[in-house]
There are 2 protein chains.
Amino acid sequence: MPRPPVPTRRVTIIDVARHAGVSTTAVSKVLRNAYGASPQMQAKVRAAIDELGYRPSASARGLRGQTYTIGVMLPDIRNPFFADILDGINAQLDGTDYQVLIAASCNSEPGEAHVTDAMIDRNMDGVILIAPLTSRQRLDRIARTVPTVVVGRHGHSAVYDTVADDDFVGAGLIVAHLAGLGHRRIAHIEHHETDPVRLAEMPNAVRADGYRHAMHAHGLGEHIDIASTTYTQQGGYLGAQQLLARPQRPTAIFAGADIVAMGVLDALADAGLSAPSDISVAGYDNTTFAAFGPISLTTVDQAGHQIGTNAARLLLDRITDSSRPTTQVKLSPTLAARRTTAPL
Amino acid sequence: MPRPPVPTRRVTIIDVARHAGVSTTAVSKVLRNAYGASPQMQAKVRAAIDELGYRPSASARGLRGQTYTIGVMLPDIRNPFFADILDGINAQLDGTDYQVLIAASCNSEPGEAHVTDAMIDRNMDGVILIAPLTSRQRLDRIARTVPTVVVGRHGHSAVYDTVADDDFVGAGLIVAHLAGLGHRRIAHIEHHETDPVRLAEMPNAVRADGYRHAMHAHGLGEHIDIASTTYTQQGGYLGAQQLLARPQRPTAIFAGADIVAMGVLDALADAGLSAPSDISVAGYDNTTFAAFGPISLTTVDQAGHQIGTNAARLLLDRITDSSRPTTQVKLSPTLAARRTTAPL
DNA sequence: GTGAAAGCGCTAACAT
DNA sequence: ATGTTAGCGCTTTCAC
């Protein structure tokens with residue numbers, strides 16, 4: 001039976017103070033483990049907090065000090081790789097007073113602006129931006145407003161810290177793996193990019209660069225062959241179709257992302273071909289489904305969990321000391337060799 | 001060069017009022033589209049807001065009224081089905097002043113309690129809880145504190161609205177599909193459940209129920225065979241091993257979730273069998289990877305997007321009128337027949 | 001070590 | 001229709 005909505009007023013710091021027979025200042029100090037509260041005072045206050053079931057209001061706190069909230073901007077909640085990063089962030093923040101809140105599906109510059117504004121409006125103590133599309137100028141502006149860590153984007157800033165995998169090396173791992181299997185005509189499908197800043201900073205561009213460099217390093221410069229589409233399943237499908245139509249068909253395709261590789265496999269199947277017997281296929285990201293038996297995709301594992309823990313740690317450091325010089329963490333990816341690649 | 005951190009004070013409602021030559025009340029009214037502001041007043045205020053780049057502080061608002069924030073609790077960010085729900089929520093909320101913030105990876109009752117507390121502490125205007133494990137009693141308590149919609153859990157409450165797919169029907173779809181293909185020994189892998197409330201409310205239990213009911217309805221009651229493990233890849237692997245060891249091996253396995261079906265496929269492969277030639281396999285959820293060519297899993301599609309839009313709509317309604325009677329929305333799943341099932 | 005009191009930026013009740 | 005003002009719950013000087 002729906003009892004009449006009892007608008008039980010929230011327990012406030014004043015209630016706690018009264019109950020414990022101390023001042024609100026004292027309660028506030030205990031809450032923040034601040035200096036100037038004797039052990040017996042702490043005990044009294046904590047007892048009162050427990051008895052009354054007091055919980056601090058983040059809004060009220062935010063008006064004066066911290067909100068104990070950290071925002072994470074996630075471009076695409078469907079990419080399981082991002083979940084690894086989140087796990088790392090949560091693991092690092094577990095046990096602290098901080099709560100992680102995620103804003104997802106902001107896959108455009110205006111969408112990202114909306115989300116970052118929302119986080120700033122909510123007085124978040126810090127933000128972690130994952131693979132942002134936002135311009136450098138705006139990123140700097142955000143970072144000057146709130147402690148910021150940018151993940152998965154290369155480039156150096158004086159105001160925010162960065163954490164990223166070394167995509168250049170990762171692309172090299174795939175090329176080395178395929179070359180080691182005897183492949184020479186190794187093609188690549190990249191995410192098309194023209195913006196000059198992004199060409200230098202975005203992972204997709206760095207992967208394509210790493211591919212080119214590694215091909216040269218293995219003496220395969222003449223076989224460099226890039227289909228330029230997008231990092232989507234359809235982009236993979238179209239890219240593979242282009243590559244299959246070449247006079248000299250490649251014997252291996254390195255897709256810039258696992259989801260792209262799925263499209264490649266679809267295109268192969270439609271052409272009556274299969275991996276690895278006809279063509280070897282490799283991806284990038286080691287997303288969850290890459291490991292599934294029927295797929296078993298050779299790919300590059302980015303240390304997602306470590307990316308997350310590093311990002312969270314850097315953010316906490318910056319919240320503590322916002323003027324400390326910025327740090328760039330670069331992690332090493334590893335090869336996950338599976339059954340879509342085979343000797344030529 | 002890191003210019004000295006300019007602690008530019010945030011533009012406040014007072015600045016706007018002064019700039020526009022009006023009172024703060026006026027500004028507040030314009031912000032909330034409240035009654036009592038003449039068109040020319042509105043124009044003046046909006047102009048001042050734009051010129052100064054004013055943005056309301058959610059903390060300050062929260063202290064008095066709304067925060068324009070909606071919290072979504074997500075048990076597992078890796079299940080792509082949940083992403084569909086989120087898309088639906090975002091689609092419904094797009095264009096409103098509400099910002100969706102997600103708290104993820106709280107896959108335990110204490111974890112859920114932590115997250116819901118955090119949302120309440122932050123004065124969120126409403127919360128959407130997806131497939132919560134939390135007890136009925138606590139759910140009711142939460143819903144009495146903040147407008148709440150519970151998604152993906154059956155059962156009726158007087159204080160919160162619910163949206164769920166009809167898992168009973170969904171399980172029936174799979175059984176009918178397999179029976180139609182001539183299968184009789186159709187086994188099921190369920191997520192083990194003992195708690196009586198959950199037996200009635202949790203989707204996994206309802207799916208198992210639907211399976212039993214449908215088997216009887218097709219005159220296959222004697223072939224009912226359930227392996228009780230967990231909704232994980234490993235649970236699927238172990239469940240399939242149990243089923244394969246039966247004296248009378250099933251000809252079809254209905255896994256309670258797609259991820260479980262992945263484990264089943266692994267177990268089949270390890271036993272030198274394959275789907276569908278040796279055994280038909282079906283899942284539940286129509287997660288993204290189910291559609292990938294090499295997997296092509298027969299499964300049940302829950303109308304995730306619709307679940308999301310409905311949940312968001314109900315939540316907005318309840319925020320507007322918290323005393324309105326609660327609603328239960330039940331949506332119909334559909335069959336996604338693919339290549340892991342075949343005629344006997 | 002402790003407490004009184006002044007705000008933080010906003011909303012809403014109450015004048016006018 | 002518009003303005004004045006008292007808080008919302010907390011943190012933080014600044015006295016004691």
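Every chain is numbered from 1, with letters handed out A, B, ... down the list of sequences.
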ask   = Should B:Arg32 and B:Asp97 count as an ion pair when the cut-off is N to O under 4.0 Å?
value = no

ask   = Can you check whether B:Thr12 has a side-chain N or O nearer than 4.0 Å to OP1 or OP2 of C:dG9?
value = no

inquiry  = Whether B:Asp161 and B:Arg313 form a salt bridge (side-chain N of Lys/Arg under 4.0 Å from carboxylate O of Asp/Glu) is what I want to check.
reply    = no

inquiry  = With side-chain hydrogen bond (donor to acceptor under 3.5 Å, both in side chains) as the test, pick out the partner of B:Asp121 among A:Arg10, A:Gln99, A:Arg61.
reply    = A:Arg10

Sequence-distant partners of A:Arg138, salt bridge (Lys or Arg N to Asp or Glu O under 4.0 Å), two or more places apart = A:Asp117

note = Here the distance between atom C1' of C:dC8 and atom CG of A:Asp121, to the nearest Å, is 16 Å

request  = Taking only Lys NZ, Arg NE, NH1 and NH2, and the carboxylate oxygens of Asp or Glu, determine whether B:Asp140 and B:Arg136 approach each other closer than 4.0 Å.
outcome  = yes

ask   = What string of B, S and - do you get for nucleotides 11-16 of chain C 5' to 3' if you count protein non-hydrogen atoms under 4.0 Å?
value = BBB---

Test side-chain contact (heavy atoms from CB on, under 4.5 Å) applied to B:Glu112 and B:Leu133, step by step = CA-CA 8 Å; B:Glu112 291 188 0; B:Leu133 303 169; 3.6 Å; yes

message = For B:Gly88 versus B:Thr309, what's the shortest heavy-atom pair and its separation?
response = O-CG2, 3.3 Å

Below 3.5 Å, can you tabulate the donor-acceptor pairs from side chains in residues 62-73 of chain A to any protein atom, sequence neighbours excluded?
{"from": "A:Gln66", "atom 1": "OE1", "to": "A:Tyr98", "atom 2": "OH", "distance (Å)": "3.2"}
{"from": "A:Thr67", "atom 1": "OG1", "to": "A:Asn123", "atom 2": "O", "distance (Å)": "2.7"}
{"from": "A:Thr67", "atom 1": "OG1", "to": "A:Asp125", "atom 2": "OD1", "distance (Å)": "3.3"}
{"from": "A:Thr69", "atom 1": "OG1", "to": "A:Thr67", "atom 2": "O", "distance (Å)": "3.0"}
{"from": "A:Thr69", "atom 1": "OG1", "to": "B:Arg122", "atom 2": "NE", "distance (Å)": "2.7"}
{"from": "A:Thr69", "atom 1": "OG1", "to": "B:Arg122", "atom 2": "NH2", "distance (Å)": "3.2"}

ask   = Can you list every ring-ring contact (aromatic ring centres under 6.0 Å, His included) pair that touches residues 118-160 of chain A, not counting sequence neighbours?
value = none

message = Under 4.0 Å, heavy atoms only, any strand: does A:Ala34 hit a base, just the sugar-phosphate, or nothing?
response = nothing

query = Can you give the first and last nucleotides of DNA chain D, 5' to 3', that have an atom under 4.0 Å from a heavy atom of chain A?
reply = D:dG9 to D:dT12

ask   = Looking at five pairs on each end of the helix from C:dG1-D:dC16 to C:dT16-D:dA1, what is the angle between the two axes, given to 10 degrees?
value = 40°

query = Once you round it to whole Å, what is the distance between P of C:dG9 and CZ of A:Arg122?
reply = 17 Å

inquiry  = Is the shortest side-chain heavy-atom distance between A:Leu314 and A:Val329 below 4.5 Å?
reply    = yes

